[in-house]
Amino acid sequence: QVQLVESGGGLVQAGGSLRLSCAASGRTFGGYGMGWYRQAPGKEREFVARISWSGTSTYYADSVKGRFTISRDNAKTTVYLQMNSLKPEDTAIYYCNADRVTTPAGIGDYWGQGTQVTVSS
């Protein structure tokens, strides 16, 4: 099993910044991509950003391009989401994801418990 623990959420005014962190632990084999998704009240969960195992490839939703930056540490067990120029519509629960992770139990996707981000106008 893989455990993902997010931190860094909170309340911020519009135009402000937050940095989310997601620490992965557990026995894995090989590399895997990690990403962030979010779910606003009354809406479905949506993709925000993703980073490859090597960190050389990143992908962003159009709504956050130019404002959010995803990165991961050298040990590749922690992924970050730097969020700048935050808008009220960024308010949501942000979830960390690790996809196609190989563990002794097989290959699967894993999710964190989520961290709340609230942007006031």
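Predicted, not measured: the structure shown is a model, and the values here were computed from it. Heads up: numbering here begins at 1 and tracks the sequence. The basis for the numbers below is simple: all heavy atoms, side chains too, and nothing from hydrogens, waters or symmetry mates.
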> Just by modelled atom types, is the S85 backbone N or O under 3.5 Å from a matching donor or acceptor in the R67 side chain?
Replying inline: yes
>> Rounded to the nearest 0.5 Å, what separates atom CG in L11 from atom CD in Q116?
In response: 9.5 Å
> Could you give the distance from CG (D90) to OG1 (T118), rounded to the nearest 0.5 Å?
Replying inline: 11.0 Å
>> Within this structure, what is the OG1-CZ distance for the pair T78 and R72, rounded to the nearest 0.5 Å?
In response: 9.0 Å
> How far does CD of E89 sit from OG of S121, to the nearest 0.5 angstrom?
Replying inline: 10.0 Å
>> So does S120 get a backbone contact from the side chain of Q13, meaning a donor-acceptor N/O pair under 3.5 Å?
In response: no
>> To the nearest 0.5 Å, what is the distance between SG on C22 and CG on N97?
In response: 8.5 Å
>> Counting neighbours of CD on Q1 that are heavy atoms of other residues, nucleotides or ligands and sit closer than 6.0 Å, is the number greater than 12?
In response: no
>> Testing the basics here: between A14 and P88, what is the closest heavy-atom pair and its distance to 0.1 Å?
In response: CB-CD, 4.1 Å
> Do any N or O atoms from the side chain of S52 and from the backbone of S57 form a donor-acceptor pair under 3.5 angstrom?
Replying inline: yes
>> So, using salt bridge (Lys or Arg N to Asp or Glu O under 4.0 Å) as the criterion, who are the partners of E46 when residues are at least two apart?
In response: R38
>> Could you tell me if the side chain of Q82 sits less than 4.5 Å from the side chain of S71, heavy atoms only?
In response: no
> Has the side chain of Q39 got a donor or acceptor atom that lies under 3.5 Å from a matching backbone atom of A92?
Replying inline: no
> Once you round to the nearest 0.5 Å, how far does OG1 of T102 lie from CD1 of I107?
Replying inline: 4.0 Å
> Can you name the closest pair of heavy atoms from S21 and Y80 and give their distance?
Replying inline: OG-CD2, 3.3 Å
>> Who clusters with L20? Use side-chain heavy atoms, under 4.5 angstrom, across I, L, V, M, F, W and Y, and order the result by chain and number.
In response: V2, L4, V12, L18, Y32, M34, W36, V48, I51, W53, Y60, V64, F68, I70, V79, L81, M83, L86, Y94, V101, Y110, V117, V119
> How far apart are the closest heavy atoms of S17 and N84, and which atoms are they?
Replying inline: OG-OD1, 2.9 Å
